[in-house]
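Everything on this sheet refers to the single structure shown next.
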2 protein chains.
Amino acid sequence: MQWSIQDIARLSGTTSRTLRHYDDIGLLPPTSIGTNGYRYYDEAALTRLQRILMLRDLGLALPAIAEVLAGQTDDARALVAHLHWLEQERARVERQIASVTTTIRKMEGGEQLMAEEMLDGFDHTVYKDEVEERWGAEAYAKSDRWWRELGAEGQAAFKAEEAAISGGLAAAHAAGTPADNAEVQALIARHYAWVRAGWGGTAPSAEAYLGLGDMYVADPRFAKHYGGPDGAEYVREAMRVYAASELA
Amino acid sequence: MQWSIQDIARLSGTTSRTLRHYDDIGLLPPTSIGTNGYRYYDEAALTRLQRILMLRDLGLALPAIAEVLAGQTDDARALVAHLHWLEQERARVERQIASVTTTIRKMEGGEQLMAEEMLDGFDHTVYKDEVEERWGAEAYAKSDRWWRELGAEGQAAFKAEEAAISGGLAAAHAAGTPADNAEVQALIARHYAWVRAGWGGTAPSAEAYLGLGDMYVADPRFAKHYGGPDGAEYVREAMRVYAASELA
DNA sequence: CTAGAGGTTGACGTTGCGTCAAGGTCAAGC
DNA sequence: GCTTGACCTTGACGCAACGTCAACCTCTAG
C-alpha cells in the first residue's frame with residue numbers, strides 16, 4: 001500500500017510541508033518517488049512518522065529524534081536527558097517570573113496593576129459558597145481535599161494552566177478570532193480538562209459545563225477574570241461550541 | 001563625551017555586534033556617525049542602552065522593548081503582559097515534563113534509568129545541568145549541537161582524550177607527584193584544550209576554568225571520577241597552578 | 001477539454017545575534 | 001613613509017522547524 005504525501009499528512013495529523021521538511025533533512029525519506037517527482041510512502045514510513053511525531057510532541061529536537069530512530073541513542077536515555085533540559089527550562093522561566101514580578105512590584109502602580117489583572121480570582125476558597133450552593137458541601141470538601149493534596153507545585157501548575165488558557169482565550173478574543181476556531185477550541189479542550197481535574201477527575205456533563213459558562217458571564221468576578229463581560233461571553237460561546245461538538 | 005562602539009560594548013557588558021544589530025533595527029541608533037562611517041555614542045545613548053539591556057534580561061522581546069522606550073507602552077503594563085506569557089511558558093514546560101515523565105515510566109528500564117540519574121560519568125549529557133546552570137541553556141544547546149556533529153568517531157576520540165588525561169592525573173596523584181610538576185602541567189594543558197573543545201573552541205577564562213576545578217571538588221560525581229575527593233582536589237590544585245601561570 | 005485538487009521545487013520570514021569574510025581607518029613605532 | 005595591529009565598516013550565512021507564497025507541472029473527474 002502506498003500513500004501520497006497529502007494522505008499520510010492527514011493520517012498522521014501533520015502537514016505536507018512538514019513531511020517535505022523531514023525529507024529534506026533526511027529524517028523521513030519517502031518510500032519511493034514517482035517519475036513525476038511525487039513522494040509515496042508505505043506503512044513502514046507511516047510507522048516511523050508516528051514515532052517521530054510522538055517524540056516531537058514530547059519536545060525532542062529533530063536531530064535528537066534522528067539519533068533515537070537510528071538506534072544510536074536509547075529512547076529512555078534520550079528522554080531522561082530531555083527531561084533534565086525541561087527542568088532547566090522550567091527553572092529558568094521561574095527565575096524570570098520571579099524577577100519580573102519583583103520588578104513590577106517595585107514600580108509605582110505596578111502592584112495595583114498586577115493585582116487587578118491577575119491575582120484575584122485565584123484564591124479557591126473564594127468560590128467556597130458558590131460551589132457548596134451549586135454542587136453541595138460534599139463536593140466542596142472533596143475539591144478542597146484534592147487541592148491540598150496537590151502540594152505547592154501541583155497547585156502552581158494548576159494555576160499556571162488556567163493562566164495559560166485564559167491568557168490564550170483573551171488573546172483570541174482581542175484578535176477577533178471566532179469562537180469555533182480550531183485553536184480556540186483546543187484551548188477550550190484544555191479548559192475542559194482543567195475543570196475535570198478540578199472536579200477530581202470526574203468529567204463534567206455537557207449541562208454542567210454549560211452552566212459553568214453561564215456562571216462566567218453572570219458573575220462579575222469571573223467576567224473580569226476573562227477580560228470583562230465581553231470576554232466572558234466569548235468564552236461561554238466557545239464552551240457552547242465545544243460542548244455541542246464534543247460532549248453531545 | 002563620545003565613545004566608540006567597542007567602548008560602550010565594554011561599558012555595558014555586551015558586544016559590538018549587538019550594538020550594530022540594535023542600530024539596524026532602529027532600537028539604538030548611534031548619537032553620531034563619523035565621515036569614516038564609525039558609530040559614536042554619548043551618555044544618553046548609554047543610558048538608553050542600559051534600559052534596553054535591563055528589559056532584555058527580564059526576557060522582553062526587542063520589539064516590545066522598543067515600544068516601551070518609545071513611550072507607546074507603559075513599563076508596568078508591558079511587564080504584566082510579559083508575565084502572562086511567562087506563565088504560559090511555564091505551563092507548557094510543566095505539561096511536557098509531565099508527559100515525558102509518564103512516557104519514561106512506561107518504558108522498560110526507564111524508571112531505573114531515571115533513578116540512576118545517569119551515573120555513567122561519560123555520557124556528555126551528565127554535564128548538561130552544570131553547563132546550563134553555570135553558563136545558560138543556550139551554551140548547552142550549542143555544545144550539544146557540536147557534540148552531535150562530531151559523529152561517533154569524533155565522540156570516541158573526545159572521550160578517549162579525557163580518559164587519557166584523567167588516567168594520567170590519577171596515576172600522578174597516586175605516585176605523589178606534585179601538582180606543579182611539568183608532566184602534570186602538560187596533562188592539565190591537554191585538559192584545558194579538551195575543555196575548550198567542549199566549549200566549541202571558546203577558550204575558558206582563568207576564572208571559568210578555576211570554577212570548573214571547584215565544581216570537580218564539590219560534585220561527588222566528578223570527585224568520584226577523579227578518584228574521590230582527594231583526587232579531585234589534586235586536579236583542582238593542578239588546574240590552579242596552570243591558570244596562574246598560563247591564563248594570567 | 002477544462003477545472004480543480006494535489007504535486008514539485010525554490011525561497012523568504014521568524015528571533016537575536018555569533019561568526020566569518022573582505023576591506024577601509026587610525027595611532028604608534030621604526 | 002612604512003608597517004603593524006587594533007578597530008571600524010558593510011554584507012551575508014547560520015540556527016529550529018516549519019508556514020507561507022510563488023510559479024509551474026500532473027492527475028482525475030465531469
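In this text, all values refer to a predicted model and were calculated from it rather than measured experimentally.
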Partners passing side chain to side chain contact (heavy atoms under 4.5 Å, CB included) against Pro178(A) (at least two apart in sequence or in another chain) |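 Asp180(A), Asn181(A).
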Side chain to side chain contact (heavy atoms under 4.5 Å, CB included) with Arg92(B): which residues, sequence neighbours excluded?
->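 If we apply the side chain to side chain contact (heavy atoms under 4.5 Å, CB included) test to Arg92(B), skipping adjacent residues, the hits are Glu89(B), Arg95(B).
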Anything under 30° is parallel, anything over 60° is perpendicular, the rest tilted; go ahead and classify Tyr209(B) against Tyr192(B).
->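 Geometry flag for Tyr192(B) against Tyr209(B): perpendicular rings.
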Hey, could you give me each pair passing side chain to side chain donor-acceptor pair (under 3.5 Å) that has a residue in residues 239-248 of chain A? Not counting sequence neighbours.
->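 Qualifying pairs: Glu237(A)-Arg240(A).
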Could you note down all residue pairs passing side chain to side chain donor-acceptor pair (under 3.5 Å) where residues 43-54 of chain A supplies at least one of them, sequence neighbours left out?
->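 Pairs touching residues 43-54 of chain A that pass the test: Arg51(A)-Asp75(A).
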Check every strand shown and say whether [X] touches a base, only sugar-phosphate, or nothing at a heavy-atom separation below 4.0 Å.
X	answer
Ile25(B)	nothing
Ile5(B)	sugar-phosphate
Arg39(A)	sugar-phosphate
Ser16(A)	nothing

Does the side chain of Ser99(A) come under 3.5 Å of the side chain of Thr102(A) through a donor N or O and an acceptor N or O?
->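 The criterion, which ignores hydrogens and geometry beyond distance, is not satisfied for Thr102(A) and Ser99(A).
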Report yes or no: do Gln2(A) and Ser32(A) form a side-chain donor-acceptor pair below 3.5 Å?
->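 On atom types as modelled, these side chains qualify, holding a pair under 3.5 Å.
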Helical bend (five base pairs per end, nearest 10°) for the helix from dC1(C)-dG30(D) to dC30(C)-dG1(D) =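 The helix from dC1(C)-dG30(D) to dC30(C)-dG1(D) shows an end-to-end axis angle of 40°.
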Distance in Å, Leu19(B) CG paired with Ile52(B) CD1, rounded so as to fall on 0.5 Å steps =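 With rounding to 0.5 Å, CG (Leu19(B)) is 9.0 Å from CD1 (Ile52(B)).
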Gap separating the CG atom of Leu27(A) from the NE2 atom of His21(A), nearest 0.5 angstrom =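 If I round to the nearest 0.5 Å, the distance is 8.5 Å.
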side-chain hydrogen bond (donor to acceptor under 3.5 Å, both in side chains) with Gln96(B): which residues, sequence neighbours excluded?
->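 Listed in chain order: nothing, the list is empty.
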Over how many whole Å does the gap from [X] atom [atom1] to [N] atom [atom2] extend?
X	N	atom1	atom2	result
Leu19(B)	dG18(C)	CG	C1'	14 Å
Asp24(B)	dA12(D)	CG	P	13 Å
Leu27(B)	dT15(C)	CG	P	14 Å
Leu62(A)	dA17(D)	CG	C1'	6 Å
Trp85(B)	dT15(C)	CH2	C1'	11 Å
Tyr41(A)	dT8(C)	OH	C1'	12 Å
Ile33(B)	dT10(D)	CD1	C1'	12 Å

Less than 4.0 angstrom between a side-chain N/O of [X] and OP1 or OP2 of [N], yes or no?
X	N	value
Thr18(A)	dG19(D)	yes
Tyr22(B)	dG16(C)	no
Gln6(A)	dA5(C)	no
Thr15(A)	dC18(D)	no

Pull out every protein N or O sitting under 3.5 Å from an N or O of nucleotides 20-22 of chain D, one pair per line with the distance.
| residue | atom | partner | partner atom | Å |
| --- | --- | --- | --- | --- |
| dT20(D) | O4 | Arg17(A) | NE | 2.8 |

More 5' along DNA chain D: Asp7(B) or His21(A), using each one's nearest nucleotide?
->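 Result of the comparison: Asp7(B).
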In chain order, what residues pass the salt bridge (charged side-chain N to carboxylate O under 4.0 Å, His left out) check against Arg10(B), with sequence neighbours excluded?
->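 Counting only residues at least two positions away or on another chain, Arg10(B) forms a salt bridge (charged side-chain N to carboxylate O under 4.0 Å, His left out) with Asp7(B).
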List the steps, then state whether side-chain contact (heavy atoms from CB on, under 4.5 Å) holds for Tyr40(B) with Trp3(B).
-> CA-CA 5 Å; Tyr40(B) 295 103; Trp3(B) 293 284; over 6 Å; no
Which nucleotide sits closest to the side chain of Arg20(A): dC8(D), dG16(C), dT8(C)?
->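 Given the options dC8(D), dG16(C), dT8(C), the side chain of Arg20(A) is closest to dT8(C).
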Output every pair passing salt bridge (charged side-chain N to carboxylate O under 4.0 Å, His left out) with a member in residues 15-38 of chain A, not counting sequence neighbours, ordered by first then second residue.
->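 Salt bridge (charged side-chain N to carboxylate O under 4.0 Å, His left out) check on residues 15-38 of chain A returns Asp23(A)-Arg39(A).
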Pairwise N/O distances under 3.5 Å, protein to nucleotides 26-30 of chain D:
| residue | atom | partner | partner atom | Å |
| --- | --- | --- | --- | --- |
| dC27(D) | OP1 | Asn36(A) | ND2 | 3.3 |

Tell me, which of residues 49-61 of chain B have any heavy atom that sits under 4.0 Å from an atom in DNA chain C?
->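 Contacts with DNA chain C under 4.0 Å: Arg56(B), Ala61(B).
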Could you tell me whether the side chain of Ser12(B) and the main chain of Ile8(B) form a donor-acceptor pair under 3.5 Å?
->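 Side chain of Ser12(B) to backbone of Ile8(B), a donor-acceptor pair under 3.5 Å: yes, one is there.
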Ring pair (Phe, Tyr, Trp, His ring centres under 6.0 Å) involving Tyr41(A) - partner list, sequence neighbours excluded =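 Partners of Tyr41(A) by the ring pair (Phe, Tyr, Trp, His ring centres under 6.0 Å) criterion come out as none, since no residue qualifies.
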